[in-house]
Visitor: 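The structure's right below; bear with me while I get my questions together.
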Amino acid sequence: MKKKIHRMLVLIAALAIFFTVIFVTLVYYELFRSQILEDLRTTVLLIREDVETGEMQKLQDLGEKLEQNGLRLTYTDSEGNVVFDSEADRLQMENHSDRPEIAQAFAEGEGQVVRRSETLSKSTFYYAVRLESGGVLRVAKDAGSIYSIFGQALPYVVLVLAILLVLCMVVAHLLTVRLISPIERMAENLDAYNDNGNYEELTPFVQMIRKQHQDIVKNAQMRQEFTANVSHELKTPLTAISGYSELIETGMASEEDVVRFAHGIHKSAGRLMTLISDIIRLSELDDDEQEWTSERLDLYALADACVEMLALNAEKHDVTISLIGTKECFLTGNRQMIEELLYNLCDNAIRYNNPGGSVTVQVCARRGEALLVVKDTGIGIPKEHQERIFERFYRVDKSRSKSTGGTGLGLAIVKHIVAKCGASMELESEVGKGTTIRVRFPSVIPFGKVR
Ligand code: ADP
């Protein structure tokens, strides 16, 4: 980038210098040319009177005088035949009436032209005036052509160009360093970067990089925590299984104990299975590459099936569970995901309830959305825990969660599913009164209409 900016600056400077030189030369030549023609005009007008009143001898004298000054004098009659020429033998000269400056003088009174000579280096300037006699008097002068002037100026031009180029390179280098240094400083130490004195255009990049950096650190921390939690969670049932089986193996357990220990092993294995299937589920939901099939689902029908499935469980906890709301409430989504979401929310509402309590599941279709409400009259969640219960393995009351078969992953799975469905979720809870969770799903197909 540094090199590129530097090269661009030098290139711009070189082009600017080059075009300036060309332009200045052209302007200068134009001035030079008009000055010479103006001089020739003054001369020819000055001697015009002498020629008009004088004779041949006077012309001769004038011609000689002018020749000493590098000028050539020609005089033609009204037909364009050369009557006098200070340089050539007039008798050998052809009729001049077709020369542009003479033809112009015949027509307009005055005429001028610049003719390139055979060599490129010289041009001849002509100025002619018509006399009262009808003849034409012409003065001519040889001068350098634009090429020769340019050629003469070339060494100076090259010198100035070289000096300017060196100067430009130095300035371009300094400028580039100045331009780039804030970026280099930023690259060296992103944390020390602040907006003062730096480019405000860079601020969004810095903020984005910082945020990405923070996210990466946070992600790494979360992964580490998760691994530690998983190991810890797996350890408890595995230790139990190992302990029971060892007791049976050594023959230390009576027949009665064996049945009890086998039950313990069975329970711990079941717990391990639930844990592992929740962990696998979470990692599937975490995988952005995974593709999920979507279909048109009736939320009411799915909620009904879930309520029915959990009825027995509710009864065990002495809790009543019921479903209200709009029949045929449609949404588009992945069936397994919606079933899991319903199950996890209803299961929690039963497990964290009080004996004699109730769970009400409500489903309704609103304009453009399907609404699911799971409301319980349970123990509630203290304010300070409300934000964190969606984290992996976060539990308010660990022993209650474990004793009721919780893994601490249910709501983390729910949160993932809600995000995947493009839905939103609200939590309202008061300790001792109960908890309400609302999920709003988008793109509901208008109530009752089957596509
Ligand atoms: P768990 O498997 O422990 O139930 P979840 O992720 O489903 O894990 O929930 C996390 C924690 O949130 C639970 O341990 C519990 O403390 C609290 N919680 C979840 N749902 C409810 C509810 N309906 N009422 C009270 N507390 C709840």
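Everything numeric in this text was worked out from a predicted model, so none of it was measured. First listed ligand is number 1; within each ligand, the first listed atom is number 1.
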Visitor: Under 6.0 Å from the CD atom of Glu256, do we count more than 12 heavy atoms belonging to anything else shown?
Guide: no
Visitor: Will you find, in the side chains of Asp142 and Thr124, an N or O donor that is under 3.5 Å from an N or O acceptor?
Guide: yes
Visitor: Side chains of Tyr127 and Glu38: do they bring a donor and an acceptor to under 3.5 Å?
Guide: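 Not at all, the side chains of Tyr127 and Glu38 share no donor-acceptor pair under 3.5 Å.
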Visitor: With a 4.0 Å cut-off on heavy atoms, is Asn344 touching ligand 1?
Guide: no
Visitor: Once you round to the nearest 0.5 Å, how far does CG of Leu341 lie from CE of Met337?
Guide: 10.5 Å
Visitor: Of all the non-hydrogen atoms in the protein, which one sits nearest to atom 7 (O) of ligand 1, and at what distance?
Guide: Asn348 ND2, 2.8 Å
Visitor: Do me a favour and list the nearest non-hydrogen protein atom to atom 23 (N) of ligand 1 with residue, atom name and distance?
Guide: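 Closest protein heavy atom to atom 23 (N) of ligand 1: Asp376 OD2, 3.0 Å.
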Visitor: Can you confirm if the NZ or CZ of Arg99 lies within 45° of the ring axis of Tyr126 and under 6.0 Å from the centre of its six-membered ring?
Guide: no
Visitor: Counting only heavy atoms, which portion of Ile381 has something under 4.0 Å from ligand 1: side chain, backbone, both, or neither?
Guide: side chain
Visitor: How far is atom 15 (C) of ligand 1 from its nearest protein heavy atom, and which residue and atom is that?
Guide: Tyr352 CZ, 3.5 Å
Visitor: Out of all atoms in ligand 1, which are within 4.0 Å of some heavy atom of Gly410? Include the element for each.
Guide: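 This gives 5 (P), 6 (O), 7 (O) as the contact atoms.
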Visitor: Could you say whether the N/O atoms of Ile379 and ligand 1 ever approach to under 3.5 Å?
Guide: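 N/O-N/O distance under 3.5 Å: no.
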Visitor: Please determine if Leu411 has a nitrogen or oxygen closer than 3.5 Å to a nitrogen or oxygen of ligand 1.
Guide: yes
Visitor: May I ask you to check whether Asn353 and His317 show a side-chain donor-acceptor distance below 3.5 Å?
Guide: no
Visitor: Do any N or O atoms from the side chain of Ser401 and from the backbone of Asp397 form a donor-acceptor pair under 3.5 angstrom?
Guide: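 Not confirmed, Ser401 side chain does not pair with Asp397 backbone.
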Visitor: Run the numbers for me: atoms of ligand 1, each under 4.0 Å from some heavy atom of Thr407, listed by number.
Guide: 2 (O)
Visitor: At the 4.0 Å heavy-atom cut-off, does Gly408 count as touching ligand 1?
Guide: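 For ligand 1, residue contact (heavy atoms, under 4.0 Å) with Gly408 is present.
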Visitor: Quick one: does Val396 get an N or O within less than 3.5 Å of an N or O on ligand 1?
Guide: yes
Visitor: Is it the case that more than 12 heavy atoms not belonging to Met273 sit under 6.0 Å from its CE atom?
Guide: no
Visitor: Mark yes when over 12 heavy atoms from residues, nucleotides or ligands other than His385 sit less than 6.0 Å from its NE2; otherwise mark no.
Guide: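 Yes, the 6.0 Å shell around NE2 holds more than 12 heavy atoms from other groups.
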Visitor: Work out whether the distance between some heavy atom of Arg351 and some atom of ligand 1 is less than 4.0 Å.
Guide: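 A heavy atom of Arg351 does come that close to ligand 1.
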Visitor: Could you check atom 10 (C) of ligand 1 against the protein and tell me its nearest heavy-atom contact, residue, atom and distance included?
Guide: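 Ranking protein heavy atoms by distance from atom 10 (C) of ligand 1, first comes Tyr394 O, 3.3 Å.
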Visitor: Do me a favour and list the nearest non-hydrogen protein atom to atom 3 (O) of ligand 1 with residue, atom name and distance?
Guide: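 Looking only at protein heavy atoms, the one closest to atom 3 (O) of ligand 1 is Ser401 OG, 2.5 Å.
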Visitor: Counting from 1, what ligand 1 atoms have a heavy atom of Arg395 closer than 4.0 Å?
Guide: 3 (O), 14 (O)
Visitor: Looking only at side-chain N and O atoms, does Asn229 offer a donor or acceptor that is under 3.5 Å from a partner on Glu225?
Guide: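 Short answer, no.
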